[in-house]
*Asks:* 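Once you've had a glance at the structure underneath, I'll fire off some questions.
What's counted below: heavy atoms across the whole structure, side chains too, no hydrogens, waters or symmetry copies. Sequential numbering from 1 along the given sequence is applied to the chain's residues. Keep in mind that what you see is a predicted model, and the values were worked out from it rather than measured.
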Amino acid sequence: MINRLDITEKARELIHELEAKHGKLMFYQAGGCCEGTQPQCFEEGGYFPRTNDAMIGLAEGYEFWVDRDLFEYWKHAHFTLDVLDGFGPGGFSLETPLGKTFKVHYRLFTAEELNDLSPIKRNE
């Protein structure tokens, strides 16, 4: 099965730093509004996915949820979670006080990959 989500080494290191400070984590990528489409990191249970939002994979063992409408737009794309220095569009994510922001890089799946994608989990 082809993963829908991978993470960079920089993202992996930041996740471990946040985990040491905050405990269990979760990720949510909204479809717009005040936080744009930047992925947000919360303490586990700090955000409640909406009905039919999609959990596309795990980032170091933590669920990575995508807004249902955004997922429909990007369902043919692979997500790579990365980290940049600086502030993203808002300040709700746990990495913001560290002067970091999570970012996703996208690439379209190949025709072969589309036939062997890992399943998603929907919030009901």
Side-chain angles (χ1 to χ4, degrees):
M1 296 241 106
I2 303 298
N3 289 332
R4 294 174 179 270
L5 174 71
D6 284 311
I7 63 173
T8 65
E9 186 58 35
K10 283 179 70 173
R12 184 173 282 113
E13 291 169 6
L14 182 56
I15 289 168
H16 290 291
E17 183 178 347
L18 294 172
E19 176 185 49
K21 185 173 184 178
H22 299 283
K24 293 181 179 181
L25 306 171
M26 66 173 295
F27 291 87
Y28 188 82
Q29 186 161 347
C33 187
C34 51
E35 290 297 313
T37 57
Q38 293 293 109
Q40 302 293 301
C41 181
F42 300 100
E43 292 177 357
E44 185 179 62
Y47 187 89
F48 298 99
R50 299 179 310 155
T51 300
N52 212 28
D53 282 348
M55 199 275 288
I56 63 167
L58 300 174
E60 285 300 277
Y62 298 114
E63 293 181 345
F64 190 100
W65 289 89
V66 178
D67 170 86
R68 62 187 175 215
D69 298 324
L70 184 66
F71 178 74
E72 287 306 310
Y73 186 79
W74 285 107
K75 66 184 174 186
H76 297 104
H78 179 271
F79 289 50
T80 300
L81 182 64
D82 198 3
V83 168
L84 302 174
D85 290 328
F87 296 102
F92 300 125
S93 195
L94 293 175
E95 79 281 359
T96 300
L98 302 175
K100 308 278 185 193
T101 189
F102 284 108
K103 174 172 179 36
V104 169
H105 302 284
Y106 304 95
R107 73 165 175 81
L108 293 178
F109 288 116
T110 65
E112 295 81 26
E113 288 174 323
L114 284 171
N115 292 324
D116 195 28
L117 288 177
S118 59
I120 61 164
K121 172 183 166 184
R122 293 282 187 170
N123 193 40
E124 297 185 17

*Asks:* How long is the straight-line distance from CG of L84 back to CD of E95, given to the nearest 0.5 Å?
*Replies:* 10.0 Å
*Asks:* Could you work out the complete set of other residues in the hydrophobic cluster of L98, with links drawn between I, L, V, M, F, W and Y side chains under 4.5 Å apart?
*Replies:* L5, I7, L14, I15, L18, L25, F27, I56, Y62, F64, V66, L70, F71, Y73, W74, F79, L81, V83, L94, F102, V104, Y106, I120
*Asks:* Considering all heavy atoms of both residues, which atom of M26 and which atom of G45 are nearest to each other, and what is their separation?
*Replies:* SD-N, 3.6 Å
*Asks:* Using the side chain to side chain contact (heavy atoms under 4.5 Å, CB included) rule, take F42 and H22 through it: C-alpha gap first, then chi angles, then the decisive distance, then the call.
*Replies:* CA-CA 9 Å; F42 300 100; H22 299 283; over 6 Å; no
*Asks:* In Å, rounded to the nearest 0.5 Å, how long is the span from CD1 of I2 to CD of E112?
*Replies:* 9.5 Å
*Asks:* Considering non-hydrogen atoms only, spot the tightest contact between K103 and Q38 and give its length.
*Replies:* CA-NE2, 4.0 Å
*Asks:* Does any part of the side chain of R50, heavy atoms only, come nearer than 4.5 Å to the side chain of N123, both counted from C-beta?
*Replies:* no
*Asks:* Hey, could you give me the CD/CG distance between E63 and D53, rounded to the nearest 0.5 Å?
*Replies:* 12.0 Å
*Asks:* Kindly write out the residues that satisfy side-chain contact (heavy atoms from CB on, under 4.5 Å) with E44, not counting sequence neighbours, or none if the list is empty.
*Replies:* K24
*Asks:* So which heavy atom on S93 is nearest to which on P39, and how close?
*Replies:* OG-O, 4.2 Å
*Asks:* So which atom in D67 and which in Y28 form the shortest heavy-atom distance, rounded to 0.1 Å?
*Replies:* CA-OH, 3.3 Å
*Asks:* Quick one: closest heavy-atom pair of S118 and R4, and the distance?
*Replies:* O-NE, 2.9 Å
*Asks:* T51: which residues meet the side-chain contact (heavy atoms from CB on, under 4.5 Å) condition with it, sequence neighbours left out?
*Replies:* R68
*Asks:* Thinking salt bridges, do K10 and D82 make one under a 4.0 Å N-O criterion?
*Replies:* no
*Asks:* Once side-chain contact (heavy atoms from CB on, under 4.5 Å) is applied, do any residues pair with L108, and if so which ones, sequence neighbours excluded?
*Replies:* A77
*Asks:* Connecting only ILVMFWY residues whose side-chain heavy atoms lie within less than 4.5 Å of each other, what is the rest of M1's hydrophobic cluster?
*Replies:* none
*Asks:* Is any side-chain N of the basic residue among E17 and K100 closer than 4.0 Å to the acidic one's carboxylate O?
*Replies:* no
*Asks:* Can you name the residues that form a side-chain contact (heavy atoms from CB on, under 4.5 Å) with H16, not counting sequence neighbours?
*Replies:* R12, E19, E60
*Asks:* Would you say that F109 contacts K75 through its side chain, given a criterion of any heavy-atom pair below 4.5 Å between the two side chains?
*Replies:* no
*Asks:* Does R122 pair with E72 as a salt bridge, N-O distance under 4.0 Å?
*Replies:* yes
